[in-house]
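Report on the structure given below.
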Amino acid sequence: MIKVQKNDFSLNDEMVLLKKRYNNIGALSSFIGIVRDKREDEKLLSMTLEHYPGMTEKMLNKINNEAINRWDLLGTTIIHRYGKLLPGDQIVLVISASKHRKEAIESCHFIIDWLKTKGPFWKYEKTIDKGYWVDAKSQDLEEELKWNN
Amino acid sequence: MIKVQKNDFSLNDEMVLLKKRYNNIGALSSFIGIVRDKREDEKLLSMTLEHYPGMTEKMLNKINNEAINRWDLLGTTIIHRYGKLLPGDQIVLVISASKHRKEAIESCHFIIDWLKTKGPFWKYEKTIDKGYWVDAKSQDLEEELKWNN
Amino acid sequence: MKVLYFSWIKDKLGKSQEEIQIKDNIKTINDLIILLKNTNENYKDVFKDISSIKVSINMETAKYEDSIQDNDEIAFFPPMTGG
Amino acid sequence: MKVLYFSWIKDKLGKSQEEIQIKDNIKTINDLIILLKNTNENYKDVFKDISSIKVSINMETAKYEDSIQDNDEIAFFPPMTGG
């Protein structure tokens, strides 16, 4: 299940949903990304996520399907927020449910790595003095590439 | 923070605790192990976790410290239950909090892999006809060994 | 043809989208970029180093040499930073 | 010396712990196992294949050749299945 939304999400509610929907779950792996307090050494005031409506849903479905093809999963949840967020706010949620832990953990890791480089989002960070579009990190590309093996 | 307990736990409560305790969290990775409905193809009635009081706390602290030494983490939570559990019941919770996702995800994965082979727990599964002590899986040992590199 | 811009590209151009009439000689994304660069200095500035700019055709990641048609939706954006 | 048993070892022996008086000739875990095996058939059966049995001394994983002392707490158990 994928969702692209402005509103916050609840890890707990999503876990409950997954557990209701699927039987025989043995492993639940989750990841939550959160807005940090700082940009380098400056205090961060806000982070605004711009996205490409339509393409976002398309890419999230693609990433989700890729995970389902690669691992033996029972269910997955991907929620990505957009709009203006404050330090401490949740940005993204990934949950993978499977019978055994390896599948849940690896697929959750995979999904967040692919979201970093393939999710059509752009982050604008505001500090007291200035605003910055966040550059993509070369490390994120390397993290993505490790899943090509 | 480690806990060995008979009672259930709440992922949500533990997340809230971690967020209160540590600043500048950017990534929260979690794993929950759950009692499955089946033992091979038989319906499972219950799973009883025996443990070695005293050694359990010692080993969980050891595993936790090893994770903290290996990765740049802000905080961790390990909760492992013992006693009689029913299908669908939560067994174990691991949470890793860090600034960046790689550290949180890898350390969470590491902790659950080490718990499998180094946590002094033994599982007794009951089906309608019989009871079985669960054998350790050779695959779990392989999963543990990959962290030696 | 609908053309969308995101992130700093949108800021530099001062717009998030526009309708562009393309003629028969515009066959690829590369052709479209040449057309845009000839419009004014803003476009010239944005597209001066296209190695840092990604493109999509109808919401699918694309390459500069890919063919385009009049009813396509094209988007230009810097590398994605999701998650 | 306090000796603990877990899982199927406990079931087969019909006890989870016992106090054992050791003499000076019991210097290692191996010596202790020999002593136990000489007690009765139950112990002989349990320790017939020690490759499937793990041991701890004072709650630390140990080896069969490790030395033991009278005030140590020893435990025998199958490979752990945590998580």
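Here is the naming used below: chain letters follow the sequence lines, and residue numbers restart at 1 for every chain.
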Legend entry - Part of Asp13(B) lying under 4.5 Å from any heavy atom of chain A: neither
Legend entry - Enclosure of Asp41(B) CG (heavy-atom neighbours >12, cutoff 6.0 Å): no
Inset, instruction - Decide side chain to side chain contact (heavy atoms under 4.5 Å, CB included) for Asp113(B) and Lys102(A); before the verdict, give the C-alpha distance in whole Å, the side-chain angles of both, and the deciding distance to 0.1 Å. - result: CA-CA 9 Å; Asp113(B) 278 352; Lys102(A) 193 178 158 74; over 6 Å; no
Inset, instruction - Might you confirm whether atom CG of Asp72(A) has over 12 heavy atoms from other residues, nucleotides or ligands at distances under 6.0 Å? - result: no
Inset, instruction - Quick one: which of Val92(A), Ile34(A), Asn23(A) has the most heavy-atom pairs under 4.5 Å with chain B, could you say? - result: Ile34(A)
Legend entry - Atom NZ of Lys20(A): over 12 foreign heavy atoms under 6.0 Å: no
Legend entry - More than 12 heavy atoms from other groups under 6.0 Å of NZ on Lys43(B): no
Legend entry - NZ/NE/NH1/NH2 to OD/OE distance under 4.0 Å, Arg101(A) and Asp140(B): yes
Inset, instruction - Could you grab the distance from atom OG of Ser29(B) to atom CD1 of Ile32(A), nearest 0.5 Å is fine? - result: 9.5 Å
Legend entry - Portion of Lys99(B) that has a non-hydrogen atom of chain A nearer than 4.5 angstrom: both
Inset, instruction - Pick whichever of Lys19(A), Met15(A), Glu143(A), Glu106(A) has the most heavy-atom pairs under 4.5 Å with chain B. - result: Glu143(A)
Inset, instruction - Measure distances from Ile105(B) to the heavy atoms of chain A and classify the residue's part below 4.5 Å as side chain, backbone, both or neither. - result: side chain
Legend entry - Under 4.5 Å from a heavy atom of chain A, the part of Val35(B) involved: backbone
Legend entry - Top of Asn24(A), Asn12(A), Leu11(A) for chain B proximity - count of heavy-atom pairs under 4.5 angstrom: Asn24(A)
Legend entry - Contact winner vs chain B - His100(A), Gln139(A), Gln90(A), heavy-atom pairs under 4.5 Å: His100(A)
Legend entry - Top of Leu44(B), Leu28(B), Ile91(B) for chain A proximity - count of heavy-atom pairs under 4.5 angstrom: Leu28(B)
Legend entry - Residue part contacting chain A, namely of Ile112(B), when any heavy atom lies under 4.5 Å: both
Legend entry - Over 12 non-hydrogen atoms of neighbours within 6.0 angstrom of NZ in Lys58(A): yes
